[in-house]
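Reading through the structure tokens given below for one structure.
Counting from 1, the numbers follow the sequence of the chain as shown.
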Amino acid sequence: MEDLIEALRIFSKYSDSKYPTKCEHDELYVNCVKPEDVTPEDLANLERLGFVPYKDFAFVSYRFGDN
């Protein structure tokens, strides 16, 4: 749970979206942050926490989308 909270804190630096996530088929998407807007340091931390860029408009986690 702490890893998810840490990732969401990182995402909150880049967006204050009211509806920041979407879940489908074991995948959790954070669709309010573009990977190109994230610093290299935060990208590395997000990857360590289980989130990777999804195309050029979102991030996806297969770790937190699993039920």
Side-chain angles (χ1 to χ4, degrees):
M1 179 78 81
E2 291 300 316
D3 286 352
L4 177 58
I5 292 168
E6 185 177 346
L8 292 174
R9 283 192 179 121
I10 293 170
F11 287 126
S12 74
K13 295 187 323 187
Y14 300 96
S15 175
D16 63 353
S17 174
K18 189 172 181 179
Y19 305 104
T21 62
K22 176 183 176 184
C23 231
E24 62 180 57
H25 305 293
D26 299 332
E27 299 167 342
L28 173 63
Y29 293 92
V30 176
N31 53 11
C32 63
V33 177
K34 293 180 180 180
E36 67 188 35
D37 295 337
V38 178
T39 66
E41 180 182 3
D42 283 344
L43 280 173
N45 284 328
L46 288 168
E47 185 172 340
R48 176 182 58 80
L49 296 166
F51 286 87
V52 294
Y54 179 75
K55 301 189 180 181
D56 62 347
F57 59 86
F59 284 83
V60 64
S61 172
Y62 303 101
R63 174 181 174 195
F64 295 109
D66 192 15
N67 50 8

Heavy-atom side-chain proximity of [X] to [Y] below 4.5 angstrom:
X	Y	value
Leu4	Leu28	yes
Tyr14	Thr39	yes
Leu43	Glu47	no

If you count the non-hydrogen atoms of other residues, nucleotides and ligands that lie under 6.0 Å from [atom1] in [X], is the total more than 12?
X	atom1	answer
Glu6	CD	yes
Asp16	CG	no
Glu24	CD	yes

Distance in Å, [X] [atom1] paired with [Y] [atom2], rounded so as to fall on 0.5 Å steps:
X	Y	atom1	atom2	answer
Leu46	Leu8	CG	CG	9.5 Å
Ile5	Leu49	CD1	CG	11.5 Å
Phe11	Phe59	CZ	CZ	5.0 Å

Minimum-distance pair of heavy atoms, taken over all atoms of [X] and [Y]:
X	Y	result
Asn31	Thr21	OD1-N, 4.1 Å
Val60	Glu27	CG2-CB, 4.0 Å
Gly50	Ser61	O-OG, 3.0 Å

Check: Ser15 side chain, Val33 main-chain N or O, donor-acceptor pair, under 3.5 Å: no

Parallel, tilted or perpendicular, as decided by the 30° and 60° cut-offs, for the rings of Phe51 and Phe64: parallel

